[in-house]
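As the structure is a computational prediction, the values presented were derived from the model and not from experiment.
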Amino acid sequence: MNQAKNQPNTPVEPEEKIRRRKIAELRKLGINPYPAHSKRTHMIREVVDQFSDLEQHKTEVTLPGRVRTIRAHGKLTFITLSDETGQLQMVLKADHVGEEAYGRLAFLDNGDFAQFTGTLFVTQKGQQSVDIKEWVILTKAIRPLPDKWHGLQDLEERYRRRYLDSIMNPEVRELFNKRTRFIESMRNYLSEQHFQEVETPVLEQIPGGAEANPFITHHDALDINLYLRISLELHLKRMTVAGFEKIFEIGRVFRNEGMDRDHLQEFTMMEMYWSFADYRQLMDFVEGMYQRMIQETFGSLATKVEGHTLNWKGPWPRLSYTELVKKETGIDLLEHQTVESLKAAIQTAKIDIELEPNIGLGRVTDLLYKKTVRPKLMQPCFLIDHPVVVSPLAKRKEDQPLLTERLQIVALGSELGNGFSELNDPIDQRERFEAQMKLREAGDTEAAMLDEDFLQALEHGLPPTAGFGVGIDRLFMVLAAAPSIRDVVFFPTMRPEQH
């Protein structure tokens with residue numbers, strides 16, 4: 001055998017083929033390589049934490065898990081076993097498990113799942129271990145795990161094979177554990193404040209609640225085209241009309257737009273609606289919610305990302321949208337109520353913004369803000385009192401009708417939450433929808449569609465209401481100092497592999 005190995009022209013048998021042969025041989029021996037039943041007395045972390053007590057009382061433990069390494073030395077084999085809580089060394093001696101069971105180790109490879117039973121001891125080198133008396137295979141892996149040092153180096157491959165990325169990199173698994181705790185903290189905060197969690201449709205006849213290009217699908221039974229929702233807003237507002245005064249939803253939304261560090265076409269949002277409250281009360285509420293989530297998940301209200309330390313302690317400053325634009329550009333947005341006027345002002349100020357044909361005043365305003373103001377907002381703040389043209393669903397300020405009672409949470413140059421005193425004037429809402437439809441007819445595919453059913457719901461009466469929404473993925477990305485939003489989504493959408 002050694003001589004064949006040294007011959008340069010001898011082909012190396014693929015690992016997968018070897019493992020498939022082992023499966024066949026196990027079956028011939030009457031051993032099921034994929035049994036349905038397993039047993040567990042402890043998680044590995046429990047064993048490590050209680051090691052001295054369990055060792056002293058000679059407590060027998062049964063541990064299932066994934067085999068990470070196998071080191072055989074004649075009649076002695078060391079196996080590193082892992083579960084989601086940690087790793088521990090299994091020690092198998094031929095005279096302890098029996099010759100037959102020890103011989104079956106030849107069928108075991110890294111990546112397999114197996115179950116080990118034994119008692120605890122500490123090796124001469126001081127390593128906590130389990131002296132195994134019996135073991136069984138639970139799942140025979142056909143494909144080997146990537147090499148610890150050289151596997152999954154390509155970032156795209158890590159996103160595509162996230163399950164392997166998580167196996168090989170414990171910090172990836174911990175990141176997603178934190179994400180779960182983060183959402184749980186948000187949900188607990190809302191529930192403690194007597195908000196009721198609800199669910200609304202993913203498929204809609206009219207997409208609304210945001211300016212975005214929707215995905216279209218077909219409903220075969222009804223023979224109609226439907227849209228994947230771009231927001232949770234309009235159905236939640238219908239529920240508010242129905243008398244649900246404090247509600248929230250955490251769910252997926254879909255926007256058929258570009259991908260970059262901050263954006264994915266499919267992402268998780270939380271939206272909440274609070275009857276008989278306004279955007280001022282909302283600011284105090286969501287500041288407290290963010291602080292609770294950050295403290296419970298990350299253990300501090302100071303988070304470090306991209307060389308900046310973000311201080312979430314508060315109170316966060318409240319900054320005027322129009323005043324910041326004027327400060328940075330010299331342009332008073334309130335003096336430019338047509339798209340031609342604002343375009344001319346941008347040209348005079350020599351601000352380089354790429355503007356598409358048939359673009360509306362709201363989109364030009366938004367692009368100007370994103371180009372000149374947003375990148376400079378590093379510390380957490382509330383950006384407030386946006387123009388009506390960029391806020392088609394927000395209530396006007398009574399003393400400044402060209403502005404709205406709106407807030408955005410901004411930090412690190414990213415928008416990390418959006419809310420407002422909801423527009424509940426059905427006549428004003430209809431006029432804004434009609435203005436948006438004119439933009440769509442002119443070629444703006446992201447302008448809002450007129451939703452007649454929603455308008456009829458408003459005509460039945462929406463109480464004064466504060467609403468808030470946040471893209472959870474982007475917020476968590478910033479707080480966790482992740483390089484991209486794809487790092488905090490377990491299965492981000494990827495371009496198909498070319499075979």
Side-chain angles (χ1 to χ4, degrees), residues 159 179 183 199-219 225-237 248-273 354 356 358-360 362-367 369-371 374 386 389-394 406 408-410 413-420 432-433 436-437 439-440 442-451 454 467-478 482 484-496:
Y159 292 149
R179 178 190 161 107
I183 296 174
E199 292 182 317
T200 59
V202 172
L203 298 176
E204 300 181 321
Q205 294 190 29
I206 303 291
E211 293 187 356
N213 195 28
F215 287 91
I216 302 174
T217 187
H218 188 76
H219 193 301
N225 283 338
L226 293 172
Y227 298 93
L228 300 184
R229 64 187 178 188
I230 59 175
S231 167
L232 312 175
E233 182 165 346
L234 299 191
H235 277 97
L236 289 174
K237 283 185 177 177
F248 76 98
E249 180 174 7
I250 297 174
R252 292 295 235 197
V253 298
F254 309 85
R255 298 180 184 179
N256 198 359
E257 52 195 23
M259 295 173 67
D260 58 31
R261 171 185 173 272
D262 289 351
H263 296 87
L264 280 178
Q265 286 83 1
E266 175 186 1
F267 59 98
T268 304
M269 281 199 74
M270 186 285 290
E271 290 197 28
M272 53 162 280
Y273 290 86
E354 185 176 345
E356 300 173 358
N358 303 316
I359 194 170
R363 186 83 71 246
V364 177
T365 302
D366 186 52
L367 290 172
Y369 151 72
K370 288 178 178 176
K371 175 78 173 183
R374 191 177 69 179
H386 301 55
V389 292
V390 296
S391 311
L393 293 163
R406 181 180 175 187
Q408 285 179 306
I409 298 173
V410 184
S414 292
E415 294 163 5
L416 303 176
N418 181 44
F420 29 82
R432 296 197 209 179
F433 273 156
Q436 290 281 306
M437 286 302 292
L439 292 174
R440 287 192 70 84
D444 187 347
T445 59
E446 293 189 2
M449 298 183 190
L450 190 149
D451 188 333
F454 173 67
F468 179 79
V470 56
I472 292 174
D473 309 306
R474 185 191 300 172
L475 174 59
F476 184 72
M477 173 197 76
V478 169
S484 165
I485 196 168
R486 294 198 293 177
D487 288 283
V488 300
V489 174
F490 205 92
F491 297 112
T493 302
M494 305 289 293
R495 191 183 303 278

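Under a 3.5 Å cut-off, the side chain of Arg179 and the backbone N or O of Phe476 do not form any donor-acceptor pair. For Gln265 (side chain) and Glu257 (main-chain N/O), a donor-acceptor pair under 3.5 Å exists by modelled atom type. Under a 3.5 Å cut-off, the side chain of Asp473 and the backbone N or O of Thr268 do form a donor-acceptor pair. In this structure, the side chain of Arg432 engages the main chain of Ser391 through a donor-acceptor pair within 3.5 Å. When atom types are taken as modelled, the side chain of Arg255 and the backbone of Ile230 share a donor-acceptor pair closer than 3.5 angstrom. Between the side chain of Arg474 and the main chain of Glu415, a donor-acceptor pair closer than 3.5 Å is present.
One finds a salt bridge joining Glu211 and Arg363 here, because a Lys/Arg side-chain nitrogen approaches an Asp/Glu carboxylate oxygen to under 4.0 Å.
Looking at Thr200 and Glu249, their side chains do bring a donor and an acceptor atom within 3.5 Å of each other. Looking only at atom types and distance, the side chain of Ser484 has no donor-acceptor partner in the side chain of Arg261 under 3.5 Å away.
For the pair Leu367 and Glu354, the minimum side-chain heavy-atom distance is 4.5 Å or more. Side chains of Gln436 and Leu450 form no contact here, defined as non-hydrogen atoms less than 4.5 Å apart. In this structure, the side chains of Pro201 and Arg229 stay at 4.5 Å or more apart for every pair of heavy atoms. In this structure, the side chains of Arg406 and Val390 come closer than 4.5 Å at one or more pairs of heavy atoms. Here the side chains of Val489 and Phe267 are not in contact, with every heavy-atom distance at 4.5 Å or above. Counting only heavy atoms from C-beta outward, the side chains of Met477 and Asp262 approach each other to under 4.5 Å. Put simply, the side chain of Phe254 reaches to within 4.5 Å of the side chain of Val202, judged on heavy atoms.
The CD atom of Glu266 sits 9.0 Å away from the CG atom of Leu228 when rounded to the nearest 0.5 Å. In this structure, OG1 in Thr493 is found 12.0 Å from CZ in Arg495, a value given to the nearest 0.5 Å. Here the CD1 atom belonging to Ile472 is positioned 12.5 Å from the CG atom belonging to Leu416, to the nearest 0.5 angstrom. Residue Leu475 holds its CG atom at 10.0 Å from CD1 of Ile485, rounded to the nearest 0.5 Å. Atom CZ of Phe468 is separated from atom CZ of Phe420 by 11.0 Å, given to the nearest 0.5 angstrom. A distance of 14.0 Å separates NZ in Lys371 from CG in Asp366, rounded to the nearest 0.5 Å.
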Step by step, work out the side chain to side chain contact (heavy atoms under 4.5 Å, CB included) result for Leu393 and Lys237.
CA-CA 11 Å; Leu393 293 163; Lys237 283 185 177 177; 3.9 Å; yes
